[in-house]
Structures are given as structure tokens and as C-alpha cells.
Engineer: 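My structure is below; once you've seen it, I'll send some questions.
Order of the sequence lines sets the chain letters (A, B, ...), proteins ahead of strands, with each chain counted from 1.
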2 protein chains.
Amino acid sequence: MTNALHKRLACFTELDESDLAHLDRLCEDVRTVKVGEDLIGEREKPEEVFIQLEGWACRYKILPDGNRQITGYLLPGDMCDVFVFILEHMDHGIGALSDITYAAVSKQKIIDIFDSHPRIAKALWWSTLVDESILRQWLTNMGQRFAYERMAHIFCELWLRMKVVGLAAGDEFHLPLTQNQLGDTIGLTPVHVNRTLQRMRNEGLVELDNKRLKICDIEKLKEIAQFNSEYLHMKRC
Amino acid sequence: MTNALHKRLACFTELDESDLAHLDRLCEDVRTVKVGEDLIGEREKPEEVFIQLEGWACRYKILPDGNRQITGYLLPGDMCDVFVFILEHMDHGIGALSDITYAAVSKQKIIDIFDSHPRIAKALWWSTLVDESILRQWLTNMGQRFAYERMAHIFCELWLRMKVVGLAAGDEFHLPLTQNQLGDTIGLTPVHVNRTLQRMRNEGLVELDNKRLKICDIEKLKEIAQFNSEYLHMKRC
DNA sequence: GGCTCTCAATAACATAAGATAGGCATCGTT
DNA sequence: AACGATGCCTATCTTATGTTATTGAGAGCC
């Protein structure tokens, strides 16, 4: 079940057997959450770090007027707020987009890693820095790109991230999002998400049906999005 | 000259005399950069951490089509990419928006802090996490808010950040941005930045002249922006 | 002195995306 | 079988914002 985690960290660094074994031991406290429920709510005080094992979750912010912005996805192998216990409270929530399983790792175990497993510690830092880099890229897409390009970009990113953890065989992967949620991600109304999606289908770029996204023409998609994967910092992929 | 740095970190934690003295020693390698020049370019490999002492800098990304997105501001007292030497290369550039002075701190000195000065180390983590939180907030503004609200929000944020480092006396502060750069920050064309600014002036919210922004009605501005400062995690301010 | 630049301001027009509404499936519940 | 909820799709109309272009003020330069 920690397979995705191993693959994800392998993008950054080579971990030896003892590191991998230690990672697996960290993931012993496995929990499940049903679709639609929160792993942690906005304004709560986090006491543990989460490692995503199966399924999709997202970070989100709810505004006073009820609008919601999804600010990131947690895919299998992703880690969540490694240093978050430094902050007093969450400035956003984390919710399950599908039924998920994750491992809860105590604060103390994280602190111990920094003393005893420097390679893992470095990988945790890497993960945090990549999260930040993705945010910068999303902000850039939102500020400088049209709906069509933004959608192409998010599809390219998710495709690549699923691929490195072995979950996008045959250019097809599980995308457990409603059009509404996709809109909350790239700042569009559901109606315009639909329009944009229809256009992509008509142009033979993607197929999306029954929560599965099939990438039909990745090169074209990358071109539309001006997609450059460097911001994901996967130096070993 | 490290006054702003002290004030900034004081938002998060109480540092004692020896911590403050150590901070000052870190800031001995002071450098200057002229407006318009880069502190570090996109794709370069960073070897040092920067501590902003005077003036404004920004993080930015340039897209293949020439568009630019500003993804963050570095104000006096801000620190830059404390852990960045984990990544192979910069995924964005850092440029000077005014003449600036900053301190360059070597990789090794940063690593030493984590061994010898845990309170400072924690403050560095805090700084990184706040950067990430600001990015989430900017993304949310970009995705869910109109131009008028976005502009109100960025003014509220900058006002507060300048205030905590003692640089916004009398609700007025130095804002060394052209309307073009402001547009690159909140995802607007210069023409629409100007329109939006005129509206704010007409409604008596702000005055902006000669690179100085005066906040005339902060309460109204906060209301328009639905501004809630919690995302800045200034627990002691 | 006139030159070029940059920046702010404004006007006229174009369009990407939002708002509203309705129809049609599917699915779980009673 | 009837029901309500949810998600997808489409059409029509509106509007926030982009595009293009012009003007004038100020700053630096030779």
C-alpha cells in the first residue's frame, strides 16, 4: 500500500532498503475516510501528518460568500503538511474527493526522522517545496491563461503525477472530480467547464467518462498548455 | 538594518538577545541590487539564502509567450527560500522592484542554525509555511474574486505586512509598483488596473501617487476584500 | 533645446466567461 | 414505482475584462 509513496519519493532521491522499511513503519496507522468527508477542517489544529495511500483528496478554502477554491490535490504518495505543527491552526481544509486511505504519522515520529534519517528528511523537505512550486504554477495559470489552456495544464499535471506513481497506465487514469469541483480548481463556473470540456472532446484531445480521463493527444495538450514539467522538480523521472 | 527582520520574526515567536545577535551576525554579508535587476534568475541554481533588508523584490514567472506572473513579494524582513538548496534549480526568478539591500547567507550557516538555534530554525520554518499560505490565498483571490476585490485584498495584505515591520506609519506606505506590475500580480491588464484604481479613488478608499499608497478607509477595504488576516499566521501581532 | 522612454489616464470596441434556466440521465431511498 | 438529489449538457443573455489606440506628463540623455 505504500508503493505509491516509494515511487513518489524515488522521483527525488534514491532511498535504500532501510529507508524504505522505515517509511513503511511510519505508515502503520492506516485510516480511511469516505468521499465528501474531511481529513481535517479549516481552523483546526493539526496534530499529525498525513500520507496519502489510496484515493484523491484536496486542499480547499471556503470564502465567507460560500465560494470554494481548491488549492491543491493530494494523490497517492503525496504527503501533507510535514511542518504544519509549527502553525497554530489550518488556514484551509483537506477533504476526500473519493474514498481514501491514508497513514497518520505523529509529530514526534516526524521530528525523529530529522535526527535519524537524513535522506528521508530531505525528501520531506523536497515534498513541501514542490507543493509550493505547484502553487506558483497554478497561480500563474490562473492569472495569465484562458480557460482552455488552464484545463489543458491541469490535465497534463495530473496525468504526469499519476503516471509517476504507476496509476496512469495507457494514458488513462481515475479522475474522481465533478465538473463543479474542476471549476473550483481552475476558477471557472461549471457551465464554462462543460463548454471547455466539450471543445477538448471535439478536438480529440481527451475523453472523460465515468470518472476516467483518457488523454488522447498529450503532445497537443502540452502545447496548448505550454506545459513544462520542471516545476514538479522530478529530477529522476 | 536588521530591524525589519527582528520585527517580522517577532510576529511568530519571542527571540532572546542571543538569538537576535545571532541573526545580526547572519546578516553581515550585505549586498545591493538596483531596481530592475535580478537577485536570482529563473533556472539558476541557488547557493545562498537571501534576507531582504531594504526595498521591495518579487518572485515572478515568465511564460513562453512572454506573459509574466508575479507570485509573491519580498518586503523588508522577509526571507527567501530557506530550503531552496534542496531543489536543483529555481522554477522562478526574483527581481528587484526598487533599489534594495539584502543579506546573503550561506547554505552552511543555515544548516548550522538547525543544530544550534532551534528557536531561529522554527522561525525559518514558519516563514516558509507563511509563504505557502499566502500563495493559497492569492490563488483563491484569483480564482474566486473580481478585479475590484482582488485589488482591495492585495492592498490590505501589503498594508498589514508593511505595518508589522514598522514601514506603514499613518496608513501610508511605499508601494514601488507600476500599474503594469500590479496587473501582473493580480492577473489584470494595465488598462483594467487603471479603471479599478480610479474607482477606488472615486470611492475614497485609497490614494496612490508618486509610489506611495495611502489607505483612506481600511475597514471598507477589508469588507470589500473579505479580508481575514489569519492566513498570515501572525499570532503575536 | 529637443529627443526618446516610460508611465498614467481614457476612449471605443471586442470577447471570454458568468448568470440563469431547463432538460435529461442516473442512482439511492422509501 | 415514485421520489428527490445529483451531475451533465445546452441555449440565451449579460457583463467583467481584454484589446487597441491616443494623449500628455515627467525623467533621463546627448
Side-chain angles (χ1 to χ4, degrees), chain A residues 34-37 56 63 65-70 95-99 141-154 174-203 206-214 224, chain B residues 34-37 63 65-70 95-99 141-154 174-202 206-214 224:
Chain A
K34 291 268 172 222
V35 55
E37 292 176 2
W56 287 48
L63 296 168
D65 60 17
N67 278 4
R68 174 183 57 180
Q69 176 70 41
I70 290 175
L97 292 164
S98 63
D99 292 349
N141 292 338
M142 204 80 106
Q144 307 297 329
R145 301 229 161 295
F146 294 119
Y148 189 63
E149 302 162 340
R150 287 213 289 275
M151 194 176 285
H153 201 283
I154 192 78
H174 183 216
L175 185 82
L177 300 175
T178 64
Q179 294 188 358
N180 215 316
Q181 290 164 336
L182 193 52
D184 287 341
T185 306
I186 55 180
L188 297 177
T189 55
V191 173
H192 202 63
V193 167
N194 190 282
R195 273 197 280 253
T196 309
L197 207 44
Q198 295 309 335
R199 184 174 159 203
M200 286 202 171
R201 285 199 254 245
N202 286 337
E203 298 181 1
V206 301
E207 288 168 22
L208 176 55
D209 189 41
N210 204 18
K211 308 284 183 210
R212 290 199 72 78
L213 181 71
K214 180 169 180 203
I224 291 164
Chain B
K34 291 266 172 225
V35 55
E37 292 175 3
L63 296 169
D65 61 15
N67 278 4
R68 175 182 56 178
Q69 175 70 39
I70 291 176
L97 293 164
S98 63
D99 292 350
N141 292 339
M142 205 81 106
Q144 307 298 328
R145 301 228 162 295
F146 294 118
Y148 189 61
E149 303 162 339
R150 289 213 288 276
M151 192 176 285
H153 201 283
I154 193 78
H174 183 217
L175 184 81
L177 300 175
T178 65
Q179 295 187 358
N180 215 316
Q181 290 163 336
L182 193 52
D184 287 341
T185 307
I186 54 179
L188 298 177
T189 56
V191 172
H192 202 63
V193 167
N194 191 282
R195 274 198 281 253
T196 309
L197 208 44
Q198 295 309 335
R199 183 175 159 203
M200 285 199 173
R201 286 200 252 244
N202 285 337
V206 300
E207 288 168 22
L208 176 57
D209 189 40
N210 203 18
K211 307 286 183 211
R212 290 197 71 79
L213 181 70
K214 179 165 179 209
I224 291 163

Engineer: Across the strands shown, which category fits B:Leu188 at heavy-atom distances under 4.0 angstrom: base, sugar-phosphate, nothing?
Structural biologist: sugar-phosphate
Engineer: Tell me what B:Arg150 touches on the nucleic acid: a base, only sugar-phosphate, or nothing, going by heavy atoms under 4.0 Å.
Structural biologist: nothing
Engineer: If you only use heavy atoms from C-beta on, which nucleotide in C:dA8, C:dT20, C:dT10 is closest to the side chain of A:Val191?
Structural biologist: C:dT20
Engineer: Starting at atom CD of B:Gln179, determine the distance to atom C1' of C:dT6, rounded to an integer number of angstrom.
Structural biologist: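 Answer to the nearest Å: 12 Å.
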Engineer: Between the side chains of A:His153 and A:Arg150, does any donor sit under 3.5 Å from an acceptor?
Structural biologist: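 No, no side-chain donor-acceptor contact under 3.5 Å.
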Engineer: Evaluate whether atom CG of B:Asp209 has more than 12 neighbouring non-hydrogen atoms of other residues, nucleotides or ligands under 6.0 angstrom away.
Structural biologist: no
Engineer: Checking all strands, does B:Gly187 fall into the base, sugar-phosphate, or nothing category for heavy-atom contacts under 4.0 angstrom?
Structural biologist: sugar-phosphate
Engineer: Please give, in whole Å, the distance from C:dA16 C1' to A:Ile186 CD1?
Structural biologist: 14 Å
Engineer: What integer distance in Å separates B:His192:NE2 from C:dA8:C1'?
Structural biologist: 16 Å
Engineer: Separation of B:Asp209 atom CG from C:dA9 atom C1', in whole Å?
Structural biologist: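 So the CG-C1' distance, B:Asp209 to C:dA9, works out to 13 Å.
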Engineer: With nearest nucleotides of DNA chain D determined for A:Phe146 and A:Leu177 from heavy-atom distances, which residue corresponds to the more 5′ nucleotide?
Structural biologist: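 Going by which nucleotide is closer to the 5' end, it is A:Leu177.
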Engineer: Rounded to whole Å, how long is the line connecting atom NZ of B:Lys211 with atom C1' of C:dC7?
Structural biologist: 7 Å
Engineer: Between B:Leu197 (CG) and C:dA9 (P), how many Å, whole number?
Structural biologist: 7 Å
Engineer: Which atoms form the tightest heavy-atom contact between B:His174 and B:Lys211, and what is the distance?
Structural biologist: CD2-O, 3.3 Å
Engineer: Expressed as a whole number of angstroms, how long is the span from A:Gln144:CD to C:dA17:P?
Structural biologist: 13 Å
Engineer: Under 4.0 Å: is that the gap between some side-chain N or O of B:Asn194 and OP1 or OP2 of C:dA8?
Structural biologist: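 No, because none of the side-chain N or O atoms of B:Asn194 sits under 4.0 Å from OP1 or OP2 of C:dA8.
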Engineer: What is the minimum heavy-atom distance between B:Leu188 and B:His192, and which atoms define it?
Structural biologist: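 Shortest heavy-atom contact: CD2-CD2, 4.0 Å.
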Engineer: Judged by atom type as modelled, is there a donor-acceptor pair below 3.5 Å linking the side chain of A:Gln69 to the main-chain atoms of A:Asp184?
Structural biologist: yes
Engineer: For B:Arg195 and for B:Arg201, locate the closest nucleotide of DNA chain C by heavy-atom distance; then report the residue assigned to the nucleotide nearer the 5' terminus.
Structural biologist: B:Arg201
Engineer: Nearest whole Å is fine: how far is C:dA17 C1' from A:Arg145 CZ?
Structural biologist: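 Rounded to whole Å, this separation is 17 Å.
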Engineer: Pick base, sugar-phosphate or nothing for B:Thr189, based on heavy-atom distances below 4.0 Å to the nucleic acid.
Structural biologist: base
